[in-house]
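Values below: all heavy atoms of this structure, side chains included; hydrogens, waters and symmetry mates excluded. Both counts, for ligands and for their atoms, begin at 1 and track the order of listing. For clarity, every value in this text was computed on a predicted model and none was experimentally measured.
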Amino acid sequence: MKSIKFYSTNLKAEVVDFKSALLKGLAPDKGLYMPLEIPTFTKEEINKFSQMEYYEIAFEIGRKFLHDQISDADLKAIVKDSYNYEVPLEKVYDRKYVMRLDQGPTASFKDFAARMMGRLMQYYLKIEGRNLIILVATSGDTGSAIANAFYGLDNIKVLVLFPEDEVTNRQRKQMTTLGKNVQIIALNAKFDDCQYLVKDAFSDSELDYLNLSSANSINIGRLIPQIIYYFYSYAKLRRSEDEEVIFSVPSGNFGDIMGGMFAKRMGLPIKKFIIATNENDEFPAFVNTGKYDKIEPSKNCLSSAMNVGHPSNISRLIALYDGVMDETGHISKSPDMKKLREDIYSTSITDEETKMMIAEAYKKHKLLLEPHGSVGWAGLQRFLQEHPEFDDKEQLCISLETAHPAKFPEQIREILNFDPELPPSLEGIEEKEEFFDSIETNYQAFKNYLKEKY
Ligand SMILES: *Cc1c(COP(=O)(O)O)cnc(C)c1O
């Protein structure tokens with residue numbers, strides 16, 4: 001097997017191996033790491049996935065990228081420890097399914113990436129005898145998933161910045177009640193502002209001594225784990241080896257969908273991706289017009305973890321289609337829009353539509369969705385209505401539900417008049433004590449905080 005190296009989407013940084021890309025997070029030229037080559041599976045290899053457990057598929061996918069970076073035994077131990085929970089595939093009607101990625105410790109799909117990435121980082125840091133500070137900007141779920149996945153590790157400290165008005169009580173408590181090596185900062189700001197502070201800190205050489213690293217979906221270590229559930233769900237649901245699948249993915253920072261795009265390039269027969277956003281519709285607009293305009297400031301929508309006006313991973317998506325976009329959203333080389341439009345349908349779902357779909361899905365199918373999953377499901381329904389040639393009873397479609405409905409009790413109660421049952425991971429959290437700091441939203445204040453604290 002070939003060794004997989006990683007280049008920066010800004011094309012001005014050295015090519016590095018997986019370990020360096022993982023520990024650095026952002027490339028030195030502010031670009032995002034991408035594999036120079038995407039490894040592929042044969043049909044026979046994919047056929048075998050149908051008989052495998054989730055962690056076994058995770059091992060096969062991880063090994064394609066990391067075979068010369070970690071021993072088989074160590075990788076196997078890491079995936080087994082990361083994926084010790086269920087991945088329900090719920091049939092809704094015909095061959096239309098919802099994949100529930102909400103059974104991990106923070107009841108969010110981000111657990112999938114954070115757990116594997118945290119364990120891989122820990123593995124390399126131990127070998128090198130080094131320490132890291134993980135800086136995370138979160139619009140809700142990333143912060144809690146990372147904080148929980150890294151909680152209690154010796155070589156790693158975690159610092160999370162969140163916009164205080166944009167996360168739910170439960171999301172906040174999942175971060176602020178931990179303590180130990182986990183530090184939380186609340187900002188009176190938007191998610192994008194938090195992200196700019198983090199990015200500025202990464203490119204500030206005066207802070208090099210802190211060994212800052214990222215765990216946002218800008219880290220390639222987040223994306224490889226997010227390939228796995230695409231293969232898993234297909235392997236468990238397909239009827240024949242030639243069957244093609246449509247995935248619908250509620251998207252914010254586009255890390256989740258990038259996992260799917262890698263899966264397709266690795267050989268998974270994906271007929272179409274539906275990229276559903278909330279009212280932050282910069283990407284659907286781009287697919288329609290070919291012109292990219294970020295949304296500043298981003299809009300506050302019900303699906304709060306997707307309130308992103310300029311998704312970082314878009315530069316990776318553009319790179320997959322042979323274009324070049326820098327971190328500001330400037331496109332210096334156009335991607336192949338024809339190919340992109342063949343693979344992708346993208347649509348924006350309003351808050352009103354999100355609520356209506358939560359009501360309709362429950363009434364029609366007893367399907368319980370929270371706002372993010374509702375955006376994905378509504379995107380799928382719209383695609384099928386607009387494209388009758390795809391709207392076949394036999395067409396396998398999988399829509400991703402990215403959080404547990406119990407993380408959004410206020411919305412569910414308002415729409416459906418009942419309280420969703422809490423998953424075990426969320427029980428008892430209301431009573432725990434919270435710890436967090438607040439600072440002003442400017443880089444100097446943030447830098448001072450970092451220097452004083454660490
Ligand atoms: C983060 C998140 C998303 C968006 O995922 P991206 O990888 O940022 O596109 C969707 N739903 C939930 C619940 C999330 O936490």
Under 4.0 Å from ligand 1, residues with heavy atoms, in chain and number order, are F109, K110, D141, P250, S251, G252, N253, F254, G255, D256, A305, M306, H372, T402, A403
Consider only side-chain N and O atoms of R316 and N313, and report whether a donor and an acceptor are under 3.5 Å apart.
yes
Name each donor-acceptor pair under 3.5 Å that joins a side chain in residues 301-311 to protein atoms two or more places apart or in another chain, with its distance.
unit_1 : atom_1 : unit_2 : atom_2 : d
S303   : OG     : N278   : ND2    : 3.1
N307   : OD1    : N278   : ND2    : 2.9
N307   : OD1    : C301   : N      : 3.1
N307   : ND2    : C301   : O      : 3.3
H310   : ND1    : Y292   : OH     : 2.6
H310   : NE2    : E327   : O      : 3.0

Could you check whether any side-chain heavy atom of I4 comes within less than 4.5 Å of a side-chain heavy atom of L36, counting everything from C-beta outward?
no
Tell me, with the steps shown, if R170 and E430 meet salt bridge (charged side-chain N to carboxylate O under 4.0 Å, His left out).
CA-CA 8 Å; R170 274 195 190 141; E430 302 295 336; 3.0 Å; yes
Could you check whether the rings of F18 and F6 sit parallel, tilted or perpendicular, using 30° and 60° as the cut-offs?
tilted
How about E164 and F162: do any of their side-chain heavy atoms sit closer than 4.5 Å?
yes
